[in-house]
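It should be emphasised that the depicted structure is a prediction, and the values quoted were computed from it without experimental measurement. Chain naming here is simple, since letters A, B, ... match the order of the sequence lines and numbering starts at 1 in each.
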Amino acid sequence: MTVHPFPIRRTTYNIIMYRTKTCGELRLANIGEKVTLAGWVQSIHNLGALTFVDLRDRYGITQLAFNEDASEELRQQAGRLGREFVVQAKGEVAERYSKNKNIPTGDIEILVTELNILNESLTPPFTIEEESDGGDDLRMKYRYLDLRRPNVRKNLELRHKFAFEVRRYLDQHGFLEIETPVLVNSTPEGARDFVVPSRMNPGQFYALPQSPQTLKQLLMVSGMDRYFQIVKCFRDEDLRADRQPEFTQIDCEMSFVEQEDILQMFEGMSRHLFKALKGIDIPELPRMTWADAMKYYGSDKPDTRFGMKFVELKNNQPDNASREIVESIFPAGFQVFDDAAYIGAICCEGQAVYSRKQLDELTDFVKRPQIGAKGLVYARVQEDGNVKSSVDKFYTPENLEVLKEKMNAKAGDLILILCGPDAMKVRKQLSELRLEMGSRMGLRPKNKYSCLWVIDFPMYEWSDEEQRLMAMHHPFTSPKPEDIPLLDTDPASVRANAYDMVVNGVEVGGGSIRIHDAKLQQKIFEILGFTPEQAQQKFGFLMNAFKYGAPPHGGLAYGLDRFVSLFAELDSIRDCIAFPKNNSGRDVMLDAPGPIDQKQMDELCIRLK
RNA sequence: GGUGCGGUAGUUCAGUUUGGUUAGAAUACUAGCCUGUCACGCUAGGGGUCGCGAGUUCGAGCCUCGUCCGCACCGCCA
């Protein structure tokens with residue numbers, strides 16, 4: 001991505017010329033020009049009679065030189081400078097005696113004739129360079145200094161370009177950007193709400209939107225047809241590296257569409273973004289059913305930068321992911337396999353070189369509490385084609401040959417096997433192992449992108465905590481028409497017209513075709529355990545609207561922060577947010593949240609417990 | 001709500017295993033020297049509530065308990 005040089009020019013409104021050029025644009029071609037620069041002092045090199053000052057702004061670094069021609073007064077001024085002082089320098093562009101190949105302006109310098117210190121600065125608490133010596137916490141406390149660093153600045157520039165290209169694409173396709181309110185009301189289901197007390201309505205609370213979901217559906221009822229909004233959303237849940245309490249969605253909705261229309265429209269948007277921002281032509285997005293994603297990758301957001309798909313060696317519990325019984329390929333004899341309901345394996349190409357110690361370490365990895373496997377069975381295919389495994393004493397070479405063929409393994413490959421009583425749990429464990437092996441084998445480079453649609457999500461998932469079915473997506477998602485009869489007989493197996501876009505194992509967006517029929521919506525609320533009164537109270541506005549001619553509609557929402565993080569190849573979404581919150585949801589720079597005055601509390605009729 | 005790791009100079013860290021003299025390094029900062037630096041170089045100097053509190057001990061940066069803070073993860077996140 002290129003940043004356009006700031007077009008500095010004299011205008012009638014800009015009488016005071018702080019600068020005529022930026023610190024990033026001067027080249028050999030400018031030699032002899034008289035220029036004025038302004039910026040921050042990056043570094044000072046005092047060689048006695050000779051002083052160099054690197055001046056930095058958003059656009060780059062330009063060296064100021066104070067040499068033998070400089071007046072005594074100028075040299076003394078230069079001697080008073082410190083890091084991060086704000087200065088204005090006037091002088092002539094000259095070719096350097098010794099050039100710096102590391103920066104674009106490295107061929108020239110400014111022979112300074114006038115220096116004005118516009119502001120002084122304390123010594124910053126960390127170095128303001130590409131690789132800072134400051135820790136995360138410190139840099140967040142002084143985020144305004146952290147943002148002076150070129151890499152953080154570049155992330156924000158990329159984010160700007162990303163949002164800009166989103167607007168360009170959606171505008172070209174007839175979408176209207178419409179703002180929806182931030183003060184709305186609390187919704188059942190979903191995440192915890194951030195709430196805002198209402199002074200004029202004592203004892204009553206607004207809630208900040210977790211997403212503008214219902215509002216955009218109302219816009220469809222209004223006939224707005226194609227809507228989008230780049231909008232802040234709020235969820236009061238615990239944070240992660242890829243999760244912030246306030247985050248930005250690209251929220252979209254269309255009327256008179258089926259799932260196919262949505263997938264194509266937004267596949268087009270992703271293609272546009274990859275092309276415009278990364279110069280990458282991405283192939284047509286493959287579509288994978290949720291059932292296949294779970295069966296072959298153990299995840300609803302598979303990282304498809306690499307293969308290593310699961311092979312089911314046994315499954316005696318047909319479920320939503322694998323609807324058929326798979327007889328064990330192993331004869332009885334090994335208690336652990338005999339007792340397991342599910343046995344799954346991955347084949348790691350060329351990894352038979354793993355030593356006993358490394359395999360023990362992998363075993364420890366899958367036994368960690370957050371993964372929770374009981375153990376790991378491995379089998380190495382040796383150079384002679386024979387299989388050497390950790391279960392040799394239970395099985396014959398012929399048994400292991402069957403395994404090798406089933407896994408499509410060849411000499412030098414390593415087969416890793418997990419098993420257990422619950423297929424879904426083992427799949428999740430195997431998924432963690434697959435990702436770990438993929439990382440170790442260098443198959444997940446950040447600059448390689450693999451995108452896909454995961455489709456046909458289940459409508460519901462069982463909540464142990466609530467002891468009831470919960471909407472997997474949200475309660476406004478429509479079931480697949482052919483599965484509607486199952487709503488009465490087997491709701492857990494009903495599939496939804498819901499879809500996620502997954503990039504490199506990250507869910508960057510998701511959506512669904514909505515229910516536009518008030519009666520069907522009523523039925524879905526019933527299955528979710530709402531009484532008609534509760535449904536009316538919480539979603540009456542939507543149900544009423546649906547009685548006045550709701551068009552068929554659907555849409556999706558992208559997580560802007562996550563998508564930008566992928567493009568910027570970041571580990572954490574915090575790095576593409578100007579002022580992010582920390583792990584505990586605090587803004588350490590503002591020291592928010594904080595207490596409020598008793599007077600405010602009284603006005604709001606709020607008393608602390 | 002839970003698990004793990006961490007908190008020592010402005011900053012990044014070592015020191016904690018085995019408690020024991022004046023707590024170190026690098027970098028940053030200050031001063032001096034240096035005519036082509038760009039990780040400048042050389043010399044000297046200043047800089048510490050070892051997160052906080054309690055306990056054990058003749059003695060605690062080090063051991064114990066509690067607590068606060070940070071990071072990663074599990075639960076949670078329609």
- Ion pair Arg56(A)/Glu129(A), N-O distance below 4.0 Å: no
- Task: Would you please name every residue forming a ring-ring contact (aromatic ring centres under 6.0 Å, His included) with His516(A), sequence neighbours left out?
- Result: none
- Message: Among residues 524-544 of chain A, which ones have heavy-atom contacts with RNA chain B below 4.0 Å?
- Response: none
- Message: Can you confirm whether Gln370(A) is buried at CD, in the sense that more than 12 heavy atoms of other residues, nucleotides or ligands lie under 6.0 Å from that atom?
- Response: yes
- Message: Check this for me, if you would: do Asp456(A) and Lys480(A) make a salt bridge, where the nitrogen-to-carboxylate-oxygen distance has to be below 4.0 angstrom?
- Response: yes
- Message: Show me the pairs that pass salt bridge (charged side-chain N to carboxylate O under 4.0 Å, His left out) and involve residues 525-542 of chain A, at least two apart or across chains.
- Response: none
- Message: Using a strict threshold of under 4.0 Å (side-chain N to carboxylate O), is an ion pair present between Asp107(A) and Arg27(A)?
- Response: no
- Interatomic distance at C1', G66(B) relative to U21(B), whole Å: 32 Å
- Message: Main chain of Ala373(A), side chain of Arg368(A): is a donor-acceptor contact present, judged purely on distance under 3.5 Å?
- Response: no
- Message: Taking only side-chain N and O atoms of Asn583(A), does any of them lie within less than 4.0 angstrom of OP1 or OP2 on G70(B)?
- Response: no
- Give a yes/no on whether any side-chain N or O of Lys428(A) is located under 4.0 angstrom from OP1 or OP2 of G75(B). yes
- Check RNA chain B against residues 570-577 of chain A and give the residues with a non-hydrogen atom under 4.0 Å, in numerical order. Arg574(A)
- Message: Using atom C1' in both nucleotides, what's the gap between A60(B) and C50(B) to the nearest angstrom?
- Response: 11 Å
- Message: Using the side-chain heavy atoms of Arg243(A), tell me which of these nucleotides is nearest: C74(B), C76(B), U35(B).
- Response: C76(B)
Restricting both atoms to N or O, compile the protein contacts to nucleotides 4-6 of chain B shorter than 3.5 Å, with distance only.
none

- Message: For RNA chain B, which residues of residues 506-520 of chain A approach it to below 4.0 angstrom with any heavy atom?
- Response: none
- Query: Taking OP1 and OP2 of G70(B), is either one under 4.0 Å from a side-chain nitrogen or oxygen of Ser584(A)?
  - Reply: yes
- Message: Using a 4.0 Å heavy-atom cut-off, does Pro125(A) contact any base of the nucleic acid, only the sugar-phosphate backbone, or nothing at all?
- Response: sugar-phosphate
- First of Asp133(A) and Arg562(A) reached from the 5' end of RNA chain B, by closest nucleotide: Asp133(A)
- Item | Integer angstrom distance from the P of C71(B) to that of C34(B) | 48 Å
- Provide the distance between the two P atoms, one in C63(B) and one in A14(B), to the nearest whole Å. 15 Å
- Query: Just to confirm, is there a sub-4.0 Å distance from OP1 or OP2 of C69(B) to any side-chain nitrogen or oxygen of Arg586(A)?
  - Reply: no
- Message: Test: salt bridge (charged side-chain N to carboxylate O under 4.0 Å, His left out). Region: residues 131-140 of chain A. Which pairs qualify, not counting sequence neighbours?
- Response: Asp136(A)-Arg139(A), Arg139(A)-Asp146(A)
Polar atom pairs (N or O), protein with nucleotides 38-44 of chain B, under 3.5 Å:
unit_1	atom_1	unit_2	atom_2	d
C38(B)	O2	Arg96(A)	NH1	3.0
C38(B)	O2	Asn100(A)	ND2	2.9
C38(B)	N3	Arg96(A)	NH1	3.0
C38(B)	N4	Ser98(A)	O	2.7
C38(B)	N4	Ser98(A)	OG	3.0
C38(B)	N4	Lys99(A)	O	3.4
C40(B)	OP2	His45(A)	NE2	3.1
C40(B)	N4	Asn46(A)	O	2.8

- Inter-nucleotide P distance (G24(B), G48(B)), Å rounded: 13 Å
- Task: Using the salt bridge (charged side-chain N to carboxylate O under 4.0 Å, His left out) rule, collect all pairs that involve residues 505-516 of chain A, keeping only residues at least two apart or in two chains.
- Result: Glu253(A)-Arg514(A)
- Query: When all nucleic acid strands are considered with a 4.0 Å heavy-atom cut-off, which category describes Glu461(A): base, sugar-phosphate, or nothing?
  - Reply: nothing
- Message: Under 3.5 Å, is there any donor-acceptor pair linking the side chain of Asp136(A) to the base of G70(B)?
- Response: no
- Message: Looking only at side-chain N and O atoms, does Tyr558(A) offer a donor or acceptor that is under 3.5 Å from a partner on Asp251(A)?
- Response: no
- Task: Whole angstrom is fine here: how far is it from CE in Met140(A) over to P in C71(B)?
- Result: 9 Å
- Please check if the side chain of Arg243(A) supplies one atom and the backbone of Asp238(A) the other of a donor-acceptor pair under 3.5 Å. yes
- Between Lys446(A) and Asp571(A), is there a side-chain N and carboxylate O pair less than 4.0 Å apart? yes
- Residues from residues 72-85 of chain A lying under 4.0 Å of RNA chain B - heavy atoms: Arg83(A)
- Task: Return yes if a side-chain donor-acceptor contact under 3.5 Å exists between Asp561(A) and Gln244(A), otherwise no.
- Result: no
- Message: For G36(B), does the base pair up with any side-chain atom of Glu68(A) as donor and acceptor (N or O, under 3.5 Å, distance only)?
- Response: no
- Report the distance from atom CG of Asp238(A) to atom C1' of A72(B), rounded to the nearest whole Å. 13 Å
- Task: Name the nucleic acid region contacted by Thr51(A), choosing base, sugar-phosphate or nothing; use a 4.0 angstrom heavy-atom cut-off, strictly under.
- Result: nothing
- Can you label the angle between the Phe476(A) ring and the His474(A) ring as parallel, tilted or perpendicular, going by 30° and 60°? tilted
- Message: Under 4.0 Å, heavy atoms only, any strand: does Tyr97(A) hit a base, just the sugar-phosphate, or nothing?
- Response: base
- Query: Which nucleotide in the list U11(B), G70(B), U37(B) gets nearest to the side chain of Leu138(A)?
  - Reply: U11(B)
- Query: Does any N or O in the side chain of Glu109(A) come within less than 3.5 Å of the main-chain N or O of Thr62(A), such that one atom is a donor and the other an acceptor?
  - Reply: no
- Message: Whether the side chain of Asp587(A) engages the backbone of Asp591(A) through a donor-acceptor N/O pair (distance < 3.5 Å, no angle test) should be reported.
- Response: no
- Item | Separation of atom CG in Leu122(A) from atom P in U11(B), rounded to whole Å | 14 Å
- Item | Distance, P atom - from A72(B) to U64(B), rounded to whole angstrom | 27 Å
- Message: Closer than 3.5 angstrom, by distance alone: can the side chain of Asp483(A) be matched with the main-chain N or O of Leu486(A) as a donor-acceptor pair?
- Response: no
- Looking at U35(B), C76(B), U11(B), which one has an atom nearest to any side-chain atom of Ala49(A)? U35(B)
- Item | Under-4.0 Å salt bridge between Arg192(A) and Glu237(A) | yes
- Task: Could I get the full list of salt bridge (Lys or Arg N to Asp or Glu O under 4.0 Å) partners for Glu246(A), not counting sequence neighbours?
- Result: Lys232(A), Lys581(A)
- Message: Distance check needed: G1(B) P versus Asp236(A) CG, whole Å only.
- Response: 12 Å
- Task: Could you tell me whether Glu432(A) and Lys428(A) have a side-chain N and a carboxylate O separated by less than 4.0 Å?
- Result: no
- Quote, to the nearest angstrom, the C1' distance that separates C5(B) from A9(B). 23 Å
- Message: Checking Phe525(A) now: which residues fulfil ring-ring contact (aromatic ring centres under 6.0 Å, His included) with it, not counting sequence neighbours?
- Response: Phe530(A), Phe539(A)
- Of the listed nucleotides G70(B), C73(B), C77(B), the one nearest the side chain of Ala241(A): C73(B)
- Message: Using the C1' atom as the point on both nucleotides, what is the distance between C40(B) and C33(B), in whole Å?
- Response: 14 Å
